[in-house]
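Here's the structure, in structure tokens; my notes come after.
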Amino acid sequence: MSNAESEPPETGEAIGEKLTELAKRRGYFFRSSGSYGGVGGFYTFGPQGASLKGNVEDAWRDRFAIAEGNMEIDAPTIMPEPVFEASGHLDGFDDMLIECPDCGTSSRADHLVEDETEYEDAESLPIHEVEEIIAEYELVCPECGAGLAGVAVEEFNLMFATNIGPGDSQPGYLRPETAQGIFVEFPRLKEYARNQLPFGVTQIGRAYRNEISPRRSIIRTREFTQAELEYFVDPEADEPNLERVEDVELTLYPASEQRNDDGSEVETTIGSALEDGIIGDPWVAYFLGVAKPWYEAVGVDMDRFRFRQHLSGERAHYAADCWDAESEIDGNWIELAGFAYRGDYDLSKHADHSGDRFTVFKQYDEPQTVERATVDPDMSYLGPEFGGDAGAVAEELEALAGRDRSAFEADAVEIELEGETHEIPAEKTGFAVEEQTEAGEHVVPHVVEPSFGIDRLVYTVLHHAYREDEVDGEQRTYLELEPEVAPTFVGVFPLQNDDALEEQAREIVADLRDAGLSVTYDDSGNIGRRYRRQDEVGTPFCVTVDYETIENEETTVTVRERDTTAQKRLPVGDLAETLSAIRAGEMAFEEL
RNA sequence: GCGCGGAUGGUCUAGUGGUAGGACCUGAGCCUUCCAAGCUCAUGGCCCGGGUUCAAAUCCCGGUCCGCGCACCA
């Protein structure tokens, strides 16, 4: 177990409940299918939430696809069973649960068998065998000691199963991660990359896990959105451009510190963390360095953010080094993203299972000439001599030529086949040593995988943006969302119900929308109420048309900033341009 | 999946075996020359299914969902 949930920074009071209430009331997110009683683990993003989420996805795409020069694809969410046999999800995602008839405790049946008997890989055994083993060894409930012999073992796979087409002849599954959609299409994707390593493929999409108990709002759901990058590299040749990120400062929580009782987080830079060996892999380090400023830009509070290294027991067996991005929410650390060096695990598995080629041809600088021992067996001799074994004999000859040329120097070549020794006259083997020119080799790329959870990030962004303060003695709740991700960028109001003011305000709305800004118009109640309404959904700016606007020669409006409630008067003509510049981060409100 | 607690307008909540009230929000109107003001009016609710009862939002059972703990989290 990690102590990932220990020692949260002492910032922020518990605001999860208030946020959930606000999210429901204002349209960020809410439980799905409420009219039918609701369903666990599924949430709908309302108008505000969908917009915020879309903006976060756009920001991710800008940074991890476009700015890095990576491709983006959009693969199906349902894939056929063999894909998941290859990926390991069909077996590895399978839990065997056994429930104690006395105390009701559920245990992992496969773990019980592995712990208490000499069986080592109980997970791969069929259910009935596990049940037999439990009966045979008279295993008991680890909690209360009651006998478990004869108790049914229940299989629980975290993947949602379905059927493709009529009947159940072609089982399929909803993908438990978006990554497989990329790996499966690798042979074609590498063509689009013109067979050049390194290259990256991104995907933003839904993934599905039939969680036993979804919890904590949209933090752990059964359907969620991931943004993943699979970056394919030549492990021999490719190196990340660390200069771009080496000065990025970050908070790390390495495995070594987690094991200490008084372990603590480490403040360092990408460059020194690599030098000190804290981060093991330069590619992982590179993407941590890209991710940190990005998280900051979309509104994650860097005082409540860290990268935590996986402990060795926590890592998947193929992952050499693995770090999670984590944010702190009401005293708990939640996982926002995982950065794993997956080696050639995924591509090799799919190569084995599909028979397709998951490699990239890497041309040498200079063609290389190598001596290679080859055989060309005389099958008209081997056939009559060995009958049905002739093919196997030929294969063994070829293998032998590869490992021991001297075996072919005698008049007769000895080979072993199923324990028997056979002699083949040397002249019948067609043995030769030839010079071959090789232009390059097929390499299985290694994969670096930054994998982001979007829903959790949206929740974190809202949580970290939540503010309460007082304006003129009145309580105020507002969301300090970054302009780049805020669902609505500007609200436009007439100061009062007045045809002239309203007409002018509607013109401004049209202008701003033409400029591509997300605008809302509001003329209900009084001006203060409208400001508060926009504050609560996190709209960064409000524009108000008053009598000065329509009476003075120069048409001006007030622009009011959300966080400070400060106002400035600006000419209408420059409004769209100025606000667009602010949204793009090229200008600050204070500079106006 | 187990245990404990919960579920009343959009939101937050009061409530008793005799068919539900408030606040906020929302909408209409009045008022209003910049921060949830005031006045009038309006919309809208007892999670679902069974049982007990003359009568159930209330008591009982089951389910669904939510929160917490346990287990689970490739």
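Residue numbering restarts at 1 for every chain, and letters A, B, ... go by the order of the sequence lines.
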Subject >> Whole-angstrom distance between B:A36 and B:G45, as gauged at atom C1' >> reply: 25 Å
**OP:** Kindly indicate whether the side chain of A:Arg562 and the base of B:C35 share any N or O donor-acceptor pair separated by less than 3.5 Å?
**Re:** no
Original post:
When you measure from the side chain of A:Gln226 to the backbone N and O of A:Thr178, does any donor-acceptor pair fall under 3.5 Å?
Top reply: yes
Original post:
Taking the P atom of each, how far is B:G67 from B:C61, in whole Å?
Top reply: 24 Å
**OP:** Using the P atom as the reference point in each nucleotide, state the distance between B:G62 and B:G6 in Å, no decimals.
**Re:** 15 Å
**OP:** Would you kindly check whether a donor in the side chain of A:Asp546 faces an acceptor in the base of B:C34, or vice versa, at under 3.5 angstrom?
**Re:** yes
**OP:** Quick one: label A:Glu177 by what it contacts on the DNA or RNA (base, sugar-phosphate, nothing), any heavy atom closer than 4.0 Å.
**Re:** base
Original post:
Relative to the 5' end of RNA chain B, which residue comes earlier, A:Asp522 or A:Arg560, by the nucleotide with the nearest heavy atom?
Top reply: A:Asp522
**OP:** Measure distances between side-chain N and O atoms of A:Tyr36 and base N and O atoms of B:C48, and say whether any donor-acceptor pair falls under 3.5 Å.
**Re:** no
Original post:
Below 4.0 angstrom from OP1 or OP2 of B:C12, is there any side-chain N or O of A:Lys18?
Top reply: no
Subject >> Atom P, compared across B:A57 and B:A7: separation rounded to whole Å >> reply: 15 Å
**OP:** Give a yes or no on whether A:Glu503 atom CD has more than 12 heavy-atom contacts from other residues, nucleotides or ligands under 6.0 Å away.
**Re:** no
**OP:** Measure distances between side-chain N and O atoms of A:Gln567 and base N and O atoms of B:C34, and say whether any donor-acceptor pair falls under 3.5 Å.
**Re:** yes
Original post:
Contact class for A:Arg220 (heavy atom, under 4.0 Å): base, sugar-phosphate, or nothing?
Top reply: base
Subject >> Pair A:Glu328 + A:Arg306, salt bridge at N-O below 4.0 Å >> reply: no
Subject >> Distance between C1' atoms of B:U26 and B:G44 (Å, rounded) >> reply: 10 Å
**OP:** Pick the C1' atom in B:U8 and in B:A23, then give their distance to the nearest Å.
**Re:** 14 Å
**OP:** Whole angstrom is fine here: how far is it from OH in A:Tyr547 over to P in B:U32?
**Re:** 10 Å
**OP:** Assign A:Arg31 to base, sugar-phosphate, or nothing according to its heavy-atom contacts below 4.0 angstrom with the strands shown.
**Re:** sugar-phosphate
**OP:** Would you tell me if any nitrogen or oxygen in the side chain of A:Arg529 comes within less than 4.0 Å of OP1 or OP2 on B:C25?
**Re:** yes
**OP:** Check every strand shown and say whether A:Gly41 touches a base, only sugar-phosphate, or nothing at a heavy-atom separation below 4.0 Å.
**Re:** sugar-phosphate
Original post:
Looking across every strand, which nucleic acid part, if any, lies under 4.0 Å from A:Glu548 by heavy atom: base, sugar-phosphate, or nothing?
Top reply: nothing
**OP:** For A:Asn497, report the nucleic acid contact type (base, sugar-phosphate, nothing); a contact means any heavy atom under 4.0 Å.
**Re:** base
Original post:
Taking atom P in both B:A14 and B:C35, what distance in whole Å separates the two?
Top reply: 35 Å
Original post:
Between B:A37 and A:Asn526, is there an OP1 or OP2 to side-chain N/O distance shorter than 4.0 Å?
Top reply: yes
Original post:
Given B:C65, B:U11, B:G27, which nucleotide is nearest the side-chain atoms of A:Arg25?
Top reply: B:U11
**OP:** Verify the contact: side-chain N or O of A:Gln496 to OP1 or OP2 of B:U33, cut-off strictly under 4.0 Å; return yes or no.
**Re:** yes
**OP:** Check whether the ring centres of A:Tyr295 and A:Phe305 lie less than 6.0 Å apart, and answer yes or no.
**Re:** yes
Original post:
5'-most contact on RNA chain B: A:Glu21 or A:Arg476, nearest heavy atom basis?
Top reply: A:Glu21
**OP:** Output yes when A:Arg220 and A:Glu211 qualify as a salt bridge under the 4.0 Å nitrogen-oxygen rule, no when they do not.
**Re:** yes
**OP:** For nucleotides B:C30 and B:A20, find the distance between their P atoms and express it as a whole number of Å.
**Re:** 34 Å
Original post:
Can A:Gln504 and A:Thr549 be counted as having a side-chain donor-acceptor contact under 3.5 angstrom?
Top reply: no
